[in-house]
Amino acid sequence: MASAFQRRVIAAVRRIPPGRVATYGDIAALAGSPRAARAVGTIMRDCRDPSVPCHRVIAAAGGLGGYGGHLALKRELLRAEGIEAGVRRIRQFAEVRWRGVRGSGTRKSEVRRRES
DNA sequence: CTGCTGACTGGTA
DNA sequence: GTACCAGCCAGCA
């Protein structure tokens, strides 16, 4: 039985439109915890549901991240959607990156960042 | 309850 | 540009 956070992450991944990709951090943010990128990775690893396009989830640096050792497959799947991926990096990463369409533009409530 | 691990991220060297 | 370190979050022993 999936935990609340886990199903949230899965829902976010399923929202990623075809031809687009999202970073673990973005998914974590959509799931409600912007800092839980690692937890997202853990969930992805355990997620074997074919209805979840886990191959669209990549690292923030534009890398493919991980795929349990099937990176070649991930690269193929992405390329099939029009996303060209180099050996260590995705091309046009910033252009295919999907940020999740939230309400209307600017939101000040989430500007909060760590203060020293 | 305590501690370690990991499909991560950001900053520093 | 790459390499290493510390921080964060959730899951599991």
Side-chain angles (χ1 to χ4, degrees):
Chain A
M1 194 53 182
S3 298
F5 190 74
Q6 187 173 44
R7 91 185 83 181
R8 258 182 266 239
V9 170
I10 293 172
V13 174
R14 294 186 70 177
R15 282 187 201 158
I16 304 174
R20 302 274 185 188
V21 294
T23 68
Y24 294 95
D26 291 342
I27 296 301
L30 292 171
S33 299
R35 317 290 164 178
R38 264 179 146 168
V40 171
T42 303
I43 294 170
M44 291 285 96
R45 186 181 188 259
D46 194 50
C47 176
R48 55 264 266 174
D49 191 323
S51 61
V52 181
C54 47
H55 61 273
R56 290 180 192 152
V57 184
I58 60 174
L64 294 174
Y67 205 68
H70 298 284
L71 285 177
L73 174 61
K74 187 171 186 177
R75 192 158 47 234
E76 279 288 300
L77 291 168
L78 290 173
R79 190 167 58 140
E81 297 189 353
I83 302 172
E84 296 287 320
V87 183
R88 303 194 57 141
R89 213 168 184 159
I90 291 179
R91 301 179 188 234
Q92 303 181 315
F93 165 59
E95 305 196 20
V96 296
R97 186 179 185 188
W98 178 73
R99 287 282 201 133
V101 196
R102 313 191 202 102
S104 10
T106 353
R107 237 204 293 150
K108 321 175 161 195
S109 303
E110 68 177 289
V111 214
R112 98 163 52 93
R113 57 200 79 190
R114 101 186 56 268
E115 59 242 62
S116 34

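Below, read A as the first sequence line, B as the second, and so on, with proteins coming before strands; counting in each chain starts at 1. Note that this is a predicted model, so its numbers are computed, not measured.
Nucleotide C:dC8 forms no Watson-Crick or G-U wobble pair with any nucleotide shown, as no partner meets the under 3.5 Å limit on both distances.
Side-chain atoms of A:A36 lie closest to C:dC9 of the nucleotides C:dG1, B:dT9, C:dC9. Which of B:dT9, B:dA7, C:dC9 sits closest to the side chain of A:A39 comes down to C:dC9.
We find that CZ of A:R45 is positioned 12 Å from C1' of C:dC12, with the value rounded to whole Å. Separating the CZ atom of A:R8 from the P atom of C:dC9 is a distance of 15 Å, rounded to the nearest angstrom. A:F93 places its CZ atom 12 Å from the C1' atom of B:dT9, with the value rounded to the nearest Å. Following rounding to the nearest Å, A:R7 (CZ) and C:dG11 (P) show an atom-to-atom distance of 11 Å. In this structure, A:D46 atom CG and C:dC9 atom C1' are separated by 16 Å, rounded to whole Å.
Scanning atom types as modelled, no donor and acceptor separated by under 3.5 angstrom connect the side chain of A:R35 and the base of C:dC8. For A:Y24 and B:dA7, a side-chain-to-base donor-acceptor distance below 3.5 Å is present, hydrogens and geometry of angles not being considered. Side-chain atoms of A:R38 and base atoms of C:dG7 include a donor and an acceptor less than 3.5 Å apart.
Between A:L77 and A:R56 there is no side-chain heavy-atom pair separated by less than 4.5 Å.
For the pair A:T42 and C:dC9, the criterion of a side-chain N or O lying under 4.0 Å from OP1 or OP2 is not met.
A:S33 comes within 4.0 angstrom of sugar-phosphate atoms only, judged by non-hydrogen atoms across all strands, and of no base. Within the 4.0 angstrom heavy-atom criterion, only backbone atoms of the sugar-phosphate kind lie near A:G25; the bases stay farther away.
In this structure, the side chain of A:R35 does not engage the main chain of A:G25 through any donor-acceptor pair within 3.5 Å. A distance-only check finds a donor-acceptor pair linking the side chain of A:R48 to the backbone of A:D46 [under 3.5 Å]. The main-chain N or O of A:Q6 is never found under 3.5 Å from a side-chain atom of A:S3 such that the two would form a donor-acceptor pair.
Looking at which nucleotide of DNA chain C each of A:F5 and A:R89 is closest to, the 5′-most match is held by A:R89. Of the two residues near DNA chain C, A:I43 and A:R88, the one whose nearest nucleotide lies more 5' is A:R88.
A 6.0 Å sphere centred on CZ of A:R97 holds more than 12 heavy atoms belonging to other residues, nucleotides or ligands.
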